Amino acid sequence: MIEAVLFDMGGVIVSGPWEGFAAYERANGLPEGLIRRINSTDADSNAWARMERGEIGLEEFAAAFETEAAALGHRVDGMAVLNGLGGELRPTVAEAVRRCSERLKTGLLTNNYAPMESSERSAELAEVMGWFDVVVESSVVGVRKPDPAFYMLACEALGVEPSGCVFLDDLGVNLKPARAMGMTTIKVVDADEALAELEAAVGFPLRG
């Protein structure tokens, strides 16, 4: 029986960072997919991972990230890559969060590089954030997806077992450990398809 729904932020509730990565690559004549390639090299110990766990600050990240890019033969401005990140709220997913919050426990599980300060949120995003019972941010707790400990923090805070959770993320690497723990997992590629899967899992309508 599903007791809680856990959502990722970027790529699920808001559009993912991939558009920003691609725009930077195009603008600077870099190979398509380079930034994702850098981030997948030594994925647990590279600059991006350390930044998301709050182990290094932004300036240290930028220097380390640029070194990693140079090792692959390319010149990249680490701060410019970060400045290109952002995301547009997906209204249909936001509405699904609201409806889930009315009947089930809800959690936000996000890998980020700085705590989400209330003053930095748009009014729409601030409203969505208010629907979560628990928010787990990698930069705050010092652990990040796909480490199983990250998911357990959310489960413990919500007072549920992993088997009672549905988890939505846009990255398969983040879903695999959650599934191994017993969670029902949904990979978000197309938002409408993902919401249809979520409706089937929770047993009530989330759209329309």
Side-chain angles (χ1 to χ4, degrees), residues 1-18 36 39-40 42-46 48-55 87 90 92-113 115-116 128-207:
M1 182 176 178
I2 300 302
E3 299 178 74
V5 184
L6 312 177
F7 294 85
D8 175 32
M9 177 63 86
V12 177
I13 295 172
V14 300
S15 55
W18 323 122
R36 294 183 75 163
N39 288 342
S40 64
D42 298 323
D44 191 51
S45 59
N46 63 24
W48 204 280
R50 289 184 289 144
M51 174 183 64
E52 288 189 332
R53 290 194 297 262
E55 295 171 1
R90 293 173 171 170
T92 57
V93 181
E95 174 63 11
V97 174
R98 185 187 69 79
R99 295 191 187 191
C100 285
S101 72
E102 293 178 340
R103 303 193 188 197
L104 301 167
K105 298 177 180 180
T106 53
L108 177 68
L109 280 65
T110 179
N111 284 353
N112 59 7
Y113 60 86
M116 293 183 290
V128 174
M129 295 295 291
W131 296 328
F132 289 107
D133 297 304
V134 169
V135 175
V136 185
E137 302 177 71
S138 65
S139 63
V140 174
V141 299
V143 63
R144 69 196 283 270
K145 297 175 288 185
D147 189 327
F150 189 88
Y151 309 94
M152 284 309 302
L153 286 172
C155 290
E156 290 167 1
L158 289 169
V160 297
E161 294 295 325
S163 59
C165 299
V166 181
F167 175 49
L168 296 89
D169 200 290
D170 62 322
L171 296 179
V173 68
N174 290 339
L175 294 170
K176 185 176 180 179
R179 188 164 53 250
M181 296 168 70
M183 292 186 185
T184 299
T185 59
I186 298 173
K187 185 174 181 179
V188 181
V189 177
D190 176 86
D192 284 335
E193 291 178 3
L195 292 178
E197 288 187 54
L198 182 57
E199 286 176 333
V202 299
F204 55 84
L206 300 171
R207 300 167 294 172

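Quick note: residue numbers are just sequence positions, from 1. Remember, predicted model here, so these are calculated numbers, not experimental data.
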| request: State, yes or no, whether a side-chain contact exists between Y151 and L6 at a heavy-atom distance under 4.5 Å. | output: no
Nearest heavy-atom neighbours spanning [X] and [Y]:
{"X": "M129", "Y": "V135", "value": "CE-CG2, 4.0 Å"}
{"X": "T106", "Y": "L158", "value": "O-CD2, 3.7 Å"}
{"X": "V128", "Y": "A94", "value": "CG2-CB, 3.7 Å"}
{"X": "P146", "Y": "P177", "value": "O-CG, 3.3 Å"}
{"X": "F150", "Y": "V143", "value": "CD1-O, 3.1 Å"}
{"X": "L104", "Y": "D133", "value": "O-OD2, 4.1 Å"}

| said: Closer than 4.0 angstrom, basic N to acidic O: yes or no for E102 and R99? | reply: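 Judged by the 4.0 Å cut-off on N to carboxylate O distance, E102 and R99 do not form a salt bridge.
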| said: What I want to find out is whether R90 reaches D192 closely enough, with some N-O distance under 4.0 Å, to be called a salt bridge. | reply: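 Salt bridge between R90 and D192, a charged N being under 4.0 Å from a carboxylate O: no.
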Can you tell me how far apart [atom1] ([X]) and [atom2] ([Y]) are? Round to the nearest 0.5 Å.
{"X": "N174", "Y": "D147", "atom1": "CG", "atom2": "CG", "result": "11.0 Å"}
{"X": "E197", "Y": "T185", "atom1": "CD", "atom2": "OG1", "result": "8.5 Å"}
{"X": "L198", "Y": "L168", "atom1": "CG", "atom2": "CG", "result": "5.0 Å"}
{"X": "N111", "Y": "M9", "atom1": "CG", "atom2": "CE", "result": "12.0 Å"}
{"X": "D169", "Y": "T110", "atom1": "CG", "atom2": "OG1", "result": "9.0 Å"}
{"X": "L195", "Y": "D190", "atom1": "CG", "atom2": "CG", "result": "9.0 Å"}

Kindly say whether [Y] contributes a backbone atom to a donor-acceptor pair with the side chain of [X] at under 3.5 angstrom?
{"X": "R144", "Y": "M51", "result": "no"}
{"X": "N46", "Y": "N39", "result": "yes"}
{"X": "S138", "Y": "E52", "result": "yes"}
{"X": "N112", "Y": "E137", "result": "no"}
{"X": "K145", "Y": "L109", "result": "yes"}

| task | Step through the shown structure and confirm whether more than 12 heavy atoms of other residues, nucleotides or ligands are within 6.0 Å of CD on E161. | result |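 No, the 6.0 Å shell around CD holds no more than 12 heavy atoms from other groups.
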| said: Just to verify, which of M183, M181, K176 counts as forming a side-chain contact (heavy atoms from CB on, under 4.5 Å) with R179? | reply: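 Checked M183, M181, K176 against R179; only one passes side-chain contact (heavy atoms from CB on, under 4.5 Å): K176.
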| field | From CA spacing to verdict: salt bridge (charged side-chain N to carboxylate O under 4.0 Å, His left out), D8, K187 | value | CA-CA 10 Å; D8 175 32; K187 185 174 181 179; over 6 Å; no
| message | Test side-chain contact (heavy atoms from CB on, under 4.5 Å) on R53 and D44; report intermediate values, then the result. | response | CA-CA 10 Å; R53 290 194 297 262; D44 191 51; 3.3 Å; yes
